[in-house]
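Accompanying notes for the structure given below.
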Amino acid sequence: MRHIISLTIFWAIAIIFAEKSPLFSDKPAGDEPQQALEKQSIRLPEFLKLKDANKDQNIVRIEQFIPKKPGPVNQYRMILEQDVKEGSPIYSYPLENSLTVHTALQDPLMGPTFHELSRVIHGKTNVRSEAEDDQPEMLFDDQIVKLYLIYLRSQPNSEWAPYLEAIPDFEVPVFWSDAELAEIKGSRLYSSTIQTKNALADEYRRMFPRLTERFPEQFPADVFTLADYTWAHALYISRNWYKDVNKPIFPVTEVFNYRGEQNVKIIEEDGRLTLVAMSDLKSGDVVIVRESQLTNRQLLEFFGFVLEKGGDTTIDVAVGLDPAEQLYNPKRLKLKERGISEDSQFSLRTTEIPEDLLYALRIFHSTTYDWDDITNADRNKPVSLQSEKLVAQSLIDTCQSAFSEYMTTAREDKNILAGNPSHRLKQAVLLRRAEKKVLWKTLEIGKKVMKQVLAQWDMRTYDLPTANEQGAAKEEFDEYL
């Protein structure tokens, strides 16, 4: 197995999309103009009050603003009306007033139909299987919620209309054209987006036109299109509270700001999501919620933007053992002792190579000749010069192979950003530029390890770059640093 690290794709099928969906969206934290928008200026705030959000306190206000830059930026933010102390609750929203599958099932018009189509039987949901086509009209909970979102969007006077109107246009890659999507070729997001598009199309075709033929009044063809289903999917995976089994959608998330330094945290208690101050805050501070640290790839995938500064960029790799190998079982047990499974993923960053990845590579490249020294790996040390050479070669080969998948050079990316690119092109360039920076850093570490090994052991099978080649590589790498 020549290249033993493989870039891997997590989202292989549509049914796991919502399991790790983030909750928050892209709203700049404090540098926007202060003027309020007149159009629908009170619909979302009043809607939240009607939903019993924060009725009994006036610690925060919700206002609209005009964002400076184009893109998927919501036009609301939450601002403190008074000083608060660390640990003080500042806002809460009742779980019972979120949008869930139960909301859909209780709808006067759509509820009876969803009940008839639901796969939930006596509180238990059937396991999704490959044999779904035997009853293509039967729906899972997430499918019911997506269809209900489409229905609600077609009803301008529904109680949920103020919330759906407040959601900005999605700029996520699943809506990009083939030409736009090609700009992130090389990134794992490119392959996963294609899989997402195909999975959504397959899921949609299993339901339509059969649902329309069976329930023409509830599922009119001009309302329930593939484009609408894709929109509902994008909303569902980016707005649901994934920690709850019902994956509720909370309208209050549309006023959460993501960019900036986090100053509140979310606590779920007494049937409410409550925002609690993480430090002493002043009146006029913008509330910044960051439930989890998302990578730039996830931000683009879920929300359609990449952080230009301070974002977390990762390249995910895996190490696979060969079951036919003589030492397969001993190696598998050594990895298990370290808490590493055969399908474990490792995230490369610009800082350093994860110790667990180096450990896995050292175990992988060990042979019967150096197995007696395998305990060196437990101390994060090379097992042998031979295996360490192979470890370094693996890192180098993987990075070089990954680089070849991108369609542009560092200078070309730099020139594009210096121009006036569209929002989508800019985000694509920012992502691939950040990912290539991770690869450059890992490649440099791999070469450094290789040189250290060769300095101790006179093996010249590896062609070291010439001085000119090193200079050219360093010049391009420096553009990323």
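The structure presented is a predicted model; accordingly, all values stated were derived computationally and were not measured.
- The one candidate from K436, K437, K426 that meets the salt bridge (Lys or Arg N to Asp or Glu O under 4.0 Å) condition with D413 is K436.
- Note on ring orientation: taking the six-membered ring where Trp is involved, the planes of F170 and F175 are parallel (angle under 30°, cut-offs 30° and 60°).
- Distance CG/L164 to OG/S158: 6.0 Å, rounded to 0.5 Å.
- Atom-to-atom distance recorded for L299:CG and F305:CZ is 4.5 Å, nearest 0.5 angstrom.
- No side-chain N or O of E435 forms a donor-acceptor pair with one of T313 less than 3.5 Å apart.
- Within a 6.0 Å sphere centred on CE of M278, other residues, nucleotides and ligands contribute more than 12 heavy atoms.
- Counting only heavy atoms from C-beta outward, the side chains of I59 and Y91 never approach each other to under 4.5 Å.
- Across all their heavy atoms, P354 and L348 have their closest contact at CD-CD2, 3.9 Å.
- Between F47 and Y163, the angle of the ring planes stays under 30°, which puts this pair in the parallel group of the 30/60° scheme.
- Taking 4.0 Å as the cut-off between side-chain N and carboxylate O, R239 and E254 count as a salt-bridged pair.
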Next item on the list: List the steps, then state whether salt bridge (charged side-chain N to carboxylate O under 4.0 Å, His left out) holds for D202 with K197.
Entry: CA-CA 9 Å; D202 289 343; K197 284 188 170 187; over 6 Å; no
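- The distance from the OG1 atom of T350 to the CD1 atom of I315 is 11.0 Å, given to the nearest 0.5 Å.
- Between the side chain of R61 and the main chain of E81, no donor-acceptor pair closer than 3.5 Å is present.
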Next item on the list: Decide yes or no on side chain to side chain contact (heavy atoms under 4.5 Å, CB included) for Y190 and L181, but give the supporting numbers first.
Entry: CA-CA 7 Å; Y190 174 76; L181 197 57; 4.0 Å; yes
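- Without hydrogens or angle criteria, T100 side chain to H102 main chain gives a donor-acceptor distance under 3.5 Å.
- Taking 4.5 Å as the limit, every side-chain heavy atom of E342 sits out of range of all side-chain heavy atoms of V319.
- Panel note: side chain Q262, backbone V264; a donor-acceptor pair is recorded below 3.5 Å.
- For N240 (side chain) and P248 (main-chain N/O), no donor-acceptor pair under 3.5 Å exists by modelled atom type.
- Between V287 and I79 there is no side-chain heavy-atom pair separated by less than 4.5 Å.
- A heavy-atom distance below 4.5 Å is found between the side chains of L48 and P251.
- Evaluation of the ring pair (Phe, Tyr, Trp, His ring centres under 6.0 Å) rule for Y204 yields F208 as partners, not counting sequence neighbours.
- The residues E405 and K185 are annotated as not salt-bridged, no charged nitrogen and carboxylate oxygen being separated by less than 4.0 angstrom.
- One distance of note links CG of L357 with CD of Q345; it measures 11.0 Å at 0.5 Å rounding.
- Of all non-hydrogen atoms in G304 and H423, the two that sit nearest each other are O-NE2, 3.0 Å.
- A heavy-atom distance below 4.5 Å is found between the side chains of I167 and L235.
- Using a 4.5 Å heavy-atom threshold, the side chains of L99 and W160 count as touching.
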Next item on the list: Kindly determine whether L431 and R297 satisfy side chain to side chain contact (heavy atoms under 4.5 Å, CB included), including the steps that lead there.
Entry: CA-CA 7 Å; L431 177 66; R297 184 177 62 247; 4.2 Å; yes
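- In this structure, E269 places its CD atom where more than 12 heavy-atom neighbours from other residues, nucleotides or ligands lie under 6.0 Å away.
- With Q106 contributing its side chain and T103 its backbone, the two residues share no donor-acceptor pair below 3.5 Å.
- One side chain, R432 or T408, offers a donor N or O that lies under 3.5 Å from an acceptor on the other.
- If you check the side chains of S283 and D83, you find no donor sitting under 3.5 Å from an acceptor.
- Residues L430 and E308 form a side-chain contact, since some pair of their non-hydrogen atoms from C-beta on lies under 4.5 Å apart.
- Closest approach of L149 and A232 over heavy atoms only: CD1-O, 3.9 Å.
- Side-chain atoms of N263 come within 3.5 Å of backbone atoms of V286 as a donor-acceptor pair (strictly under, hydrogens ignored).
- Contact annotation: the side chain of M207 approaches that of L147 to within less than 4.5 Å [non-hydrogen atoms, C-beta and beyond].
- Checking D228 against T225 by side-chain atom types alone, a donor-acceptor pair falls below 3.5 Å.
- Of all heavy-atom pairs between L335 and A360, the closest is CD2-CA, 3.8 Å.
- In terms of modelled atom types and a separation under 3.5 Å, the side chain of E46 and the main chain of R43 share no donor-acceptor contact.
- A donor-acceptor contact under 3.5 angstrom links the side chains of D107 and Y148, judged on distance only.
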Next item on the list: Show the numbers, then the answer: is there a side chain to side chain contact (heavy atoms under 4.5 Å, CB included) between S191 and I194?
Entry: CA-CA 5 Å; S191 299; I194 292 176; 5.8 Å; no
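- With salt bridges taken as basic N to acidic carboxylate O contacts below 4.0 Å, none links K282 and D285.
- If you take CG on L139 and CD on E203, they are separated by 9.5 Å, rounding to the nearest 0.5 Å.
- Shortest non-hydrogen contact noted between I340 and D356 is CD1-O, 3.7 Å.
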Check: Passes side chain to side chain contact (heavy atoms under 4.5 Å, CB included), L109 versus Q155? Steps please.
Finding: CA-CA 12 Å; L109 176 62; Q155 305 296 311; over 6 Å; no
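- Side chain of S118 to main chain of F114: no donor-acceptor pair is present (N/O by atom type, distance under 3.5 Å, no hydrogens or angles).
- Taking CE of M110 as the start and CZ of F219 as the end, the distance is 4.0 Å to the nearest 0.5 Å.
- A distance-only check finds a donor-acceptor pair linking the side chain of T193 to the backbone of L189 [under 3.5 Å].
- With hydrogens and angles left out, the side-chain atoms of S401 and T398 include no donor and acceptor closer than 3.5 Å.
- Between the side chains of T295 and D312, no donor N or O sits under 3.5 Å from an acceptor N or O.
- A salt bridge links K146 to D142: one of the charged nitrogens lies within less than 4.0 Å of a carboxylate oxygen.
- Nearest heavy-atom pair, Y406 versus S187, reported as atom, atom and distance to 0.1 Å: CE2-N, 3.8 Å.
- Distance alone, capped at 3.5 Å, is enough to place a donor-acceptor pair between the T230 side chain and the L226 backbone.
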